[in-house]
Amino acid sequence: MIGELLEGNQRFVENEFNANLAYYHTIAAAQSPKILWIGCSDSRVSEDVVTGSKPGTIFVHRNVANNVAFNDVNVASLIQYAIIHLKIPDIVVCGHTKCGGIRAIEEGVNDDFIADWLLIAQGAKEKTDRIAAEQGLNLEQKLEVLTRENIRLQIKHLTSIGFIKRHRNKTGLPRVHGWLYSVDSGKIEVIVDGNAVPPVA
Ligand SMILES: [Zn+2]
């Protein structure tokens, strides 16, 4: 498999990079991405591929279950860099169907680090438990609701981070969008329309 990746890189250099040298030299001089993507680490949800984007378009943070950990210097520093230095106007929080992280939130998991990490999504589980009880949802339906609720919760975390809140109040940016990618259809559904949401958190 490793050999295939290196062969794939050779094809990329020959068919894509060298065929678009001016573009790649421009982004080599300085990146200027327009989107910050916060997504799941799942191998099926490659942000460049599923949005038809070239390298240089999307600044990326991915983790298990596309969480925004409000006490995590990793994600906070990346968001700060994206907003303050790259001046990225739009953030996408993208969840996806059949997410192993979402299933682990619902069913519980014994691995310490994974369980700790998924506590960040606990509020989404509590809300989903209430909805599932009211509507009598089966497991698959419940997982779909949980996936959607977690996107909304992580947007709430994101927009509650102090400097993001202040920046949005002052400038109206960044806009924050919630998307759901289907691993079955390849399609993206807009869950939260960042263009429609008032910027003041
Ligand atoms: Zn996932």
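Bear in mind the structure is a predicted one, so any value in this text is a computation, not a measurement. First listed ligand is number 1; within each ligand, the first listed atom is number 1.
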(message) Short of 2.8 Å from the Zn ion (ligand 1), name each protein N/O/S atom, waters not counted.
(response) C40 SG, H96 NE2, C99 SG

(request) Run the salt-bridge test on K98 and D184 with the 4.0 Å N-O cut-off and return the result as yes or no. (result) yes

(request) Determine whether more than 12 heavy atoms belonging to other residues, nucleotides or ligands lie under 6.0 Å from atom CG of N15. (result) yes

(message) By the salt bridge (charged side-chain N to carboxylate O under 4.0 Å, His left out) test, which pairs, at least two apart or in different chains, include something from residues 135-146?
(response) R103-E140, E106-K142, D129-K142, E144-R148

(request) May I ask you to test the D72-W117 pair for a side-chain heavy-atom distance under 4.5 Å? (result) yes

(request) Under the ring-ring contact (aromatic ring centres under 6.0 Å, His included) rule, what do H167 and F163 come out as? Steps first, then yes or no, please. (result) CA-CA 6 Å; H167 204 268; F163 82 87; 7.7 Å; no

(message) Test of understanding: clusters of I, L, V, M, F, W, Y form through side-chain heavy atoms closer than 4.5 Å, transitively. Do V92 and Y181 belong to the same one?
(response) yes

